[in-house]
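The figures here come from the full heavy-atom set of this structure, side chains too, leaving out hydrogens, waters and symmetry mates.
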Amino acid sequence: MIFTDIITRRARLLRASYPLAAAVAVILLCAGCIPSFRMNGSAINYDIYKTINVGEFPIRAALVYPPLQQTFENQLLDYIARNTRLQETDGTSDIELTGEITGYSLSPQAVGTDAYATETRLTITVRVKYTDNKNPAKNVDQTFSAYRQFSADLLLTDVQDQLCQDISEELVNLIFNATLGDW
């Protein structure tokens, strides 16, 4: 009887210690796998990359809207400054971002019953050359394009600034994700 009491107590003790042992095992397993999150979306190793040179993006399109270049460049520089710790330089740098605005076009989209366009699409195209001076395998030479539609009842001059702002914002996101975001 004493022998069975001892075995019963040990069995209860072992059953009670299973959850504790499982918790310790999970903690030990997870200690080797510490997750890290980057909330800015960039995949930059700041031990390697410290500087970036963002060149001008001249307009090489057939149709030219002069404020577009400054709008686009400012948004690109601001986005990089907000989402990375890279220092902007004018000379030699770890990363170089250059390019040109190659397209600025209008096209009719929807046709009404009177055979006239009811909507017009403004499309902006940018060619980007991303040069990684530390790892040339990451170099990118790619064209990005974005558009916005507006009512054909409106004059382009009335909506052009806002459209360029919105399209530039989308282009900057696409470019960042394809280059510095390393998606």
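- Taking every heavy atom of both residues into account, Gly99 and Pro58 meet most closely at O-CD, 3.3 Å.
- Within the structure, salt bridge (charged side-chain N to carboxylate O under 4.0 Å, His left out) contacts touching residues 43-72 (residues at least two apart or in different chains) are Arg60-Glu100.
- Arg121 CZ: more than 12 foreign heavy atoms inside a 6.0 Å radius.
- The residue from Thr131, Asn133, Asn139, Asn53 that alone fulfils the side-chain hydrogen bond (donor to acceptor under 3.5 Å, both in side chains) condition with Glu96 is Asn133.
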Between Tyr104 and Ile59, does a side chain to side chain contact (heavy atoms under 4.5 Å, CB included) hold up when you go through it step by step?
-> CA-CA 9 Å; Tyr104 185 88; Ile59 300 174; 5.7 Å; no
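- Partners of Phe57 by ring pair (Phe, Tyr, Trp, His ring centres under 6.0 Å), not counting sequence neighbours, listed by chain and number: Phe72.
- Nearest heavy atoms, Val140 versus Ala178: CG2-O, 4.0 Å.
- For the residue pair Leu68 and Ser168, the shortest heavy atom distance occurs at CD1-OG, 3.8 Å.
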Quick one: do Tyr46 and Ile44 satisfy side chain to side chain contact (heavy atoms under 4.5 Å, CB included)? Show the steps, please.
-> CA-CA 6 Å; Tyr46 293 107; Ile44 300 169; 3.7 Å; yes
Leu76 and Leu97: side chain to side chain contact (heavy atoms under 4.5 Å, CB included), yes or no, with the steps?
-> CA-CA 10 Å; Leu76 183 60; Leu97 199 58; 3.9 Å; yes
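- Dense packing is recorded around CD of Glu88, with more than 12 heavy atoms of other residues, nucleotides or ligands lying under 6.0 Å away.
- Between Asn135 and Tyr49, some side-chain heavy-atom pair lies under the 4.5 Å cut-off.
- Interatomic distance, CG of Asn74 versus CD of Gln165, reported as 9.0 Å (0.5 Å rounding).
- The neighbour count for Asp158 CG, taken as heavy atoms of other residues, nucleotides or ligands under 6.0 Å away, is above 12.
- Remark: the backbone N or O of Arg127 is not paired with any side-chain donor or acceptor of Thr143 at under 3.5 angstrom.
- One distance of note links OG of Ser93 with CG of Asp132; it measures 10.0 Å at 0.5 Å rounding.
- Ile124 contributes atom CD1, which lies 4.0 Å from atom CD1 of Ile167 (distance to the nearest 0.5 angstrom).
- In this structure, CG on Leu63 lies 8.0 Å from OG on Ser105, to the nearest 0.5 angstrom.
- Taking each heavy atom of Thr71 and Cys164 in turn, the nearest pair found is CG2-O, 4.4 Å.
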Side chain to side chain contact (heavy atoms under 4.5 Å, CB included) between Tyr130 and Ile175: does it pass, once the steps are laid out?
-> CA-CA 9 Å; Tyr130 172 84; Ile175 292 165; over 6 Å; no
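- Inter-residue side-chain proximity for Ile52 and Leu180 is flagged as met; some heavy-atom pair is nearer than 4.5 Å.
- No more than 12 heavy atoms of other residues, nucleotides or ligands sit less than 6.0 Å from atom OH of Tyr147.
- Contact record, Thr120 with Ala152: OG1-CB, 3.9 Å, taken as the closest heavy-atom pair.
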